[in-house]
Amino acid sequence: MSIRDVLDGKLTEKEVEIKGWLVNKRSSGGVQFLIIRDGTGTIQVTVHKDEVAQKAFQDTDRLTQESSIIVKGIAKEDKRAPDGYEVRVKGLRLVHLAEQEYPIGKKEHGVDFLLGYRQLWVRSPRQVAILKVRAEVIKACRDFLDENGFTLTDSPILTPAAVEGVATLFEVPYFGDKAFLAQSGQLYVEATIAAFGKVYCFGPTFRAEKSKTPRHLTEFWMVEPEMAFFTFEDNLKFQEDMVTYIVKKTLEKRSKELAVLKRNVKPLKKAEPPFDRISYTEAIQMLQKGRYKIEWGEDLGTPHERFISLKFEKPVFVHRYPAKAKAFYMQPDPENPEVALCADLMAPEGYGEIIGGSERIHDLKLLEQRIEEFGLPKKAYEWYLDLRRYGSVPHSGFGLGIERILMWICKLKHIRETIPFSRTMKRIYP
RNA sequence: GCCGCCGUAGCUCAGCUAGGUAGAGCGGCUGGCUGUUAACCAGUCGGUCGUAGGUUCGAGUCCUACCGGCGGCGCCA
């Protein structure tokens, strides 16, 4: 029996039992108003002095914020209640009397304070709403892939070598040797496509980047689909469909939570295929016209991404970056080998990159050459090169950052709210 | 890592410009109110002013260093 059921009017005039936590308490002497939360919703319950035992009324008066209680009473429809329904209490049982001075107050708090009390902050309505949306976004990702013939093949978290730079890897001792926390599962899903065709991995990834920004975590979750026989073009179309599905499902199932977040859903509804596309070269021209000092060959920075992102109403692909600025495994464009067959998907409203993807090099010789050009240790990549020795096929894939897309969907100012316990350069507690 | 800003009660902040011995709101506690909506009303508890040094008769206030945090940037999902 949940608060949600009472708020939906299913139990009106029936006897109900609510198990939950005290959010707030008001009183007007003879009537006490308790606001109770149970994870499905929040409701007001009223305790009338002349309707309960004297002890029950006194106990109610002693209740502290966040005390856990079980109340029995009659569900009522009442215009005076905050959500139109309330429970008129007949009996109340105290499960645990919370200590005085619950740290999270009714008024505003600073970010540092709240993060230090994240274990309690997650109970707040706004945080509950965000984490509900998070769960929905993750479910949507997995449902979409599972329904489209993908097989989940999880990649290891402890890895022997870097995909990209070693500088951004967390090093861990490994039986007298060194291991690193994975910063991508991509290389491993490239292996499993030859077994399953279409695969994905989903899990936490770790980057020891010293980036102190509202868009970076050192531990974040990424879904990485990889598809055999997919061209660059197939890849982009698939990304469009997937992002559209995620946004639609979230709008459908989490409208209440988005309302709690005061998210204007109009921009989200515009996310329908086809998404806009511009080449990196066009992006540079746009930026130069916008009076940004940037030359062809330089990577796009945060202000650049924001500028482009604000120019479009739906997500926009920026494709064909200079090969030199991108990862070693990206397939060069046959029409212009200076650029790679890669694309980043920028979320609108100034949010910027939420996906990075590319067609991968499938030719052994070319891949060996690139590993050498990038100064990477060939030995470490022998297993990866095997994939080009035995039944190599053109293939493509991408990585979707869960927290990044969530930031956009919820329109958050900072990524640290998108995950239950954020890990940033400056904070690893609690 | 670089640039900028900020550390005063449990929390959010005022006090600093022009140095004179610490204040509000919220929360807690006590009391009042039989329909409250971050309820309200009265009272009350609560602070080595981030740390260390310096200037001064006197430092929350001025100076120096350090520590912690926030915002922006770089790197990236």
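In what follows, every chain begins at residue 1, and chains take the letters A, B, ... in the order their sequences are listed.
Counting non-hydrogen atoms under 4.0 angstrom, A:I104 reaches nothing in the nucleic acid. Across all strands shown, A:E353 has heavy atoms under 4.0 Å from sugar-phosphate atoms exclusively, and none from any base. Within the 4.0 angstrom heavy-atom criterion, no nucleotide atom of any strand lies near A:E298. Looking at heavy-atom distances under 4.0 Å, A:E403 makes no contact with the nucleic acid at all. Among the heavy atoms of the strands lying under 4.0 Å from A:H414 are primed sugar atoms or P, OP1, OP2 only; no base atom is included. Among the atoms of the strands shown, none is found under 4.0 Å from any heavy atom of A:D344. Base engagement by A:E305 is indicated by at least one non-hydrogen atom pair under 4.0 Å involving a base atom. Across all strands, A:R306 comes closer than 4.0 Å only to sugar-phosphate atoms, never to a base (heavy-atom distances). Within 4.0 Å of A:R416, counting heavy atoms only, lie sugar-phosphate atoms of the nucleic acid but no base atom. The residue A:F113 sits close only to the backbone: its heavy atoms come under 4.0 Å of sugar-phosphate atoms, none of a base. Residue A:P82 is in base contact, counting any heavy-atom pair closer than 4.0 Å across all strands shown.
Pair assignment for B:rU44 gives B:rG28, based on Watson-Crick or G-U wobble hydrogen-bonding distances that are each under 3.5 Å. B:rU36 makes up no base pair with any nucleotide shown, lacking Watson-Crick or G-U wobble contacts both under 3.5 Å. Taking a pair to require two hydrogen-bonding distances under 3.5 Å in either a Watson-Crick or a G-U wobble arrangement, B:rG4 pairs with B:rC70.
The phosphate of B:rU34 (OP1 or OP2) has no side-chain N or O of A:R88 nearer than 4.0 angstrom.
For A:R80, the side-chain atoms get nearest to B:rU36 when compared with the rest of B:rU34, B:rG10, B:rU36. Distances from the side chain of A:Q44 to the nucleotides B:rU36, B:rC29, B:rG74 place B:rU36 closest. The side chain of A:N24 approaches B:rA38 more closely than any other nucleotide in the set B:rA38, B:rU34, B:rC75. Closest to the A:H216 side chain, of the nucleotides B:rC70, B:rG35, B:rC75, is B:rC75. The side chain of A:P303 approaches B:rG74 more closely than any other nucleotide in the set B:rC29, B:rG74, B:rG35. Of the candidates B:rG35, B:rC73, B:rC29, the closest approach to any side-chain atom of A:T213 belongs to B:rC73. Taking only side-chain atoms of A:H48, from C-beta outward, the nucleotide of B:rC75, B:rU34, B:rU36 with the closest atom is B:rU34.
The ring pair (Phe, Tyr, Trp, His ring centres under 6.0 Å) search around A:F421 returns none, not counting sequence neighbours.
Between A:R62 and A:T46, the residue anchored nearer the 5' end of RNA chain B, judged by the nucleotide with its closest heavy atom, is A:R62.
The distance from atom CD of A:Q100 to atom P of B:rC29 is 4 Å, rounded to the nearest whole Å. Taking atom NE2 on A:H109 and atom P on B:rA38, their separation rounds to 16 Å, with Å as the unit. Between the OH atom of A:Y117 and the P atom of B:rU12 there is a distance of 11 Å, rounded to whole Å. Summarising the geometry, the separation between NZ on A:K25 and C1' on B:rG28 is reported as 12 Å, rounded to the nearest angstrom. Following rounding to the nearest Å, A:I35 (CD1) and B:rU36 (C1') show an atom-to-atom distance of 8 Å. Between the CG atom of A:L217 and the C1' atom of B:rA77 there is a distance of 10 Å, rounded to whole Å. The separation between A:L181 atom CG and B:rA77 atom P is 17 Å, rounded to whole Å. In this entry the distance linking CE of A:M242 with P of B:rA77 reads 16 Å, nearest Å.
Of the C1' atoms belonging to B:rG10 and B:rC33, the separation is 28 Å, rounded to the nearest Å. A gap of 38 Å separates the P atoms of B:rG1 and B:rG20, to the nearest Å. For B:rG7 and B:rG60, the P atoms lie 15 Å apart once the distance is rounded to whole Å. Nucleotides B:rA18 and B:rC75 place their P atoms 43 Å apart, quoted to the nearest Å. Here, B:rC63 and B:rU44 have their P atoms 38 Å apart, quoted to the whole Å. Between the P atoms of B:rC45 and B:rG25, the separation comes to 14 Å (whole Å). Nucleotides B:rC29 and B:rG35, compared at atom C1', are 26 Å apart to the nearest Å. Straight-line distance between the C1' atoms of B:rU21 and B:rA38: roughly 36 Å, to the nearest whole Å.
For B:rG74, its base never sits under 3.5 Å from the side chain of A:K210 at any donor and acceptor pair. Counting distance only, with no hydrogens placed and no angle test, the side-chain atoms of A:E86 and the base atoms of B:rG35 include a donor-acceptor pair under 3.5 Å. Taking 3.5 Å as the limit, the base of B:rC75 and the side chain of A:R215 contain no donor-acceptor pair of atoms between them.
Residue A:Y102 and nucleotide B:rG27 are not classified as a stacked aromatic pair, given the requirement of ring centres less than 5.5 Å apart at an interplanar angle below 30°.
No donor-acceptor pair closer than 3.5 Å links the side chain of A:S396 to the backbone N or O of A:N235. A donor-acceptor pair under 3.5 Å is absent between the side-chain atoms of A:D333 and the main chain of A:V339, judged by distance alone. Of the possible polar contacts, none joining the A:K90 side chain to the A:E51 backbone as a donor-acceptor pair under 3.5 Å is found. Side-chain atoms of A:S309 come within 3.5 Å of backbone atoms of A:G350 as a donor-acceptor pair (strictly under, hydrogens ignored).
Side-chain contact between A:M227 and A:H395 is absent, with no heavy atoms from C-beta onward closer than 4.5 Å.
Close placement of the A:W383 and A:Y188 rings is indicated, their centers lying within 6.0 Å of each other. Aromatic ring centres of A:H319 and A:Y280 lie farther apart than the 6.0 Å criterion allows.
Between A:N148 and A:Y200, the side chains place no donor N or O within less than 3.5 Å of an acceptor N or O (distance only, hydrogens not considered).
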